[in-house]
Amino acid sequence: MATVQSLLRDAADLPTQDPRRDAEILLCHCLDKDRAWLYTWPDAEVASSSVQRFLALLSDRRQGIPIAYLTGQRDFWTLALEVNEHTLIPRTETETLVEWALELVLAEDATVLDLGTGSGAIALALASERRHWQVTGLDASANALAVASRNGAALGLSQVKFIRSDWYSELAGECFHLLVSNPPYIGAADVHMSRGDLPREPQMALVAADRGLADLAQIIEGAPSHLYSGGTLLMEHGFEQGAAVRSLLQTAGFSDVLTRNDLAGLERITGATWHAE
């Protein structure tokens, strides 16, 4: 019978950046154990049903399917989120946006809109920290919204509202104190689109026209009609797009335009304030 150690050894040929880590995560998923258990019990025998499940997941991983889609989960902020092929995989750099939003001095019952919510990661992270904020997440994908809604229910954050909308199209007359977004910002010809998990993630949530700037520009253009005076817009963007995004905000009449770096020291989040005339 196969053991923990032998199964991990047989997975050493995974064509990924960190084969051992990937194999450990998949085996933990099959056994419903944590990685510490694997190291404590390397000679533990594994039931044949779990072995077959593990081997099937390894086969899928060899085909390039992301770990998060194979396990159906990705941690973000302090939350364990369901993810699948209809949603982006939440990434650590997006937590910089959450941190910035939580630093803002807003009313206890502030209204917040997450544009392109996907799995609900940003909206739910904010709602988990500010229980009285009125948070709405929107997305053009009904499949992504179904995942976001399940995440909200599983986390006990059912007060977060999720709506289907192509950016601001379904929000006529609605205003918010804070707009946040991690929109598509990768150009179609960007070399990163052929690397890592990106080829398997939903392209509509990744790729934008005009060298990745089209959706960022659309969000900025529509923001003044949906922000209260003194409201804030925070957006994630590519690490080489900071100057272009700042220029778009300034041209649109925003003030206090600032960019923050992610944990890797790369320009990643740009924010600005809207003051109505």
**Item:** From CA spacing to verdict: side-chain contact (heavy atoms from CB on, under 4.5 Å), Leu138, Thr117
**Value:** CA-CA 6 Å; Leu138 66 77; Thr117 196; 6.0 Å; no
What heavy-atom pair brings [X] and [Y] nearest, and what distance separates the two atoms?
X: Trp167; Y: Gly116; answer: CZ3-N, 3.7 Å
X: Phe76; Y: Ala125; answer: CE2-CB, 4.0 Å
X: Leu113; Y: Leu171; answer: CD2-CD1, 3.5 Å
X: Ala276; Y: Ser229; answer: N-OG, 3.1 Å

Nearest 0.5 angstrom please: [X] [atom1] to [Y] [atom2], how far?
X: His132; Y: Asp109; atom1: NE2; atom2: CG; result: 9.5 Å
X: Leu31; Y: Leu38; atom1: CG; atom2: CG; result: 7.0 Å
X: Lys33; Y: Cys30; atom1: NZ; atom2: SG; result: 13.5 Å
X: Thr94; Y: Leu88; atom1: OG1; atom2: CG; result: 8.5 Å
X: Cys175; Y: Leu227; atom1: SG; atom2: CG; result: 7.5 Å
X: Thr273; Y: His275; atom1: OG1; atom2: NE2; result: 5.0 Å

When you check the gap from the basic side-chain N to the acidic O, do [X] and [Y] get nearer than 4.0 Å?
X: Glu201; Y: Arg91; answer: yes
X: Arg62; Y: Asp13; answer: yes
X: Asp22; Y: Arg61; answer: yes
X: Arg260; Y: Glu103; answer: yes

**Request:** Before giving the answer on side chain to side chain donor-acceptor pair (under 3.5 Å), spell out for Glu108 and Trp133 the whole-Å C-alpha distance, their side-chain angles and the decisive distance to 0.1 Å.
**Result:** CA-CA 6 Å; Glu108 185 177 11; Trp133 282 4; over 6 Å; no
Report whether [X] and [Y] are members of the same hydrophobic cluster (ILVMFWY, side-chain heavy atoms less than 4.5 Å apart, transitive linking).
X: Leu216; Y: Leu198; answer: yes
X: Leu249; Y: Trp100; answer: no
X: Met204; Y: Tyr168; answer: no
X: Leu248; Y: Leu233; answer: yes
X: Val245; Y: Leu266; answer: no

Any donor and acceptor pair, going by atom type alone, linking the side chain of [X] with main-chain N or O of [Y] inside 3.5 Å?
X: Ser6; Y: Ala2; answer: no
X: Glu93; Y: Leu263; answer: no
X: Asp210; Y: Leu213; answer: no
X: Thr71; Y: Ile67; answer: yes
X: Thr87; Y: Val83; answer: no
X: Asp139; Y: Gly118; answer: yes
X: Ser149; Y: Ala146; answer: no
X: Glu221; Y: Gln218; answer: no
X: Asn84; Y: His86; answer: yes
X: Asp166; Y: Ser169; answer: no

**Message:** If you apply the rule side-chain contact (heavy atoms from CB on, under 4.5 Å), what do you find for Leu179 with Leu234, and how did you get there?
**Reply:** CA-CA 6 Å; Leu179 303 180; Leu234 300 177; over 6 Å; no
**Request:** Kindly determine whether Tyr185 and Glu236 satisfy side chain to side chain donor-acceptor pair (under 3.5 Å), including the steps that lead there.
**Result:** CA-CA 8 Å; Tyr185 57 73; Glu236 180 173 332; 2.8 Å; yes
**Residues Leu155, Leu79; criterion side-chain contact (heavy atoms from CB on, under 4.5 Å); working and verdict** = CA-CA 8 Å; Leu155 294 166; Leu79 312 176; 4.0 Å; yes
**Request:** Verify whether the ring centers belonging to His177 and Tyr228 lie closer than 6.0 Å.
**Result:** yes
Check this for me: [X], atom [atom1], are more than 12 non-hydrogen atoms of other residues, nucleotides or ligands nearer than 6.0 Å?
X: Arg21; atom1: CZ; value: no
X: Asp43; atom1: CG; value: yes
X: Gln159; atom1: CD; value: yes

**Request:** Under the side-chain contact (heavy atoms from CB on, under 4.5 Å) rule, what do Ile269 and Thr259 come out as? Steps first, then yes or no, please.
**Result:** CA-CA 6 Å; Ile269 312 294; Thr259 298; over 6 Å; no
**Prompt:** For Asp262, what residues pass the salt bridge (Lys or Arg N to Asp or Glu O under 4.0 Å) criterion, not counting sequence neighbours?
**Reply:**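 Partners of Asp262 by the salt bridge (Lys or Arg N to Asp or Glu O under 4.0 Å) criterion, ordered by chain and then number, come out as Arg268.
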**Worked verdict on Thr270 versus Arg246 for side chain to side chain donor-acceptor pair (under 3.5 Å)** = CA-CA 7 Å; Thr270 295; Arg246 290 191 294 272; 4.8 Å; no
**Prompt:** With a 3.5 Å cut-off and no angle check, do the side chains of Glu24 and Tyr39 form a donor-acceptor pair?
**Reply:** yes
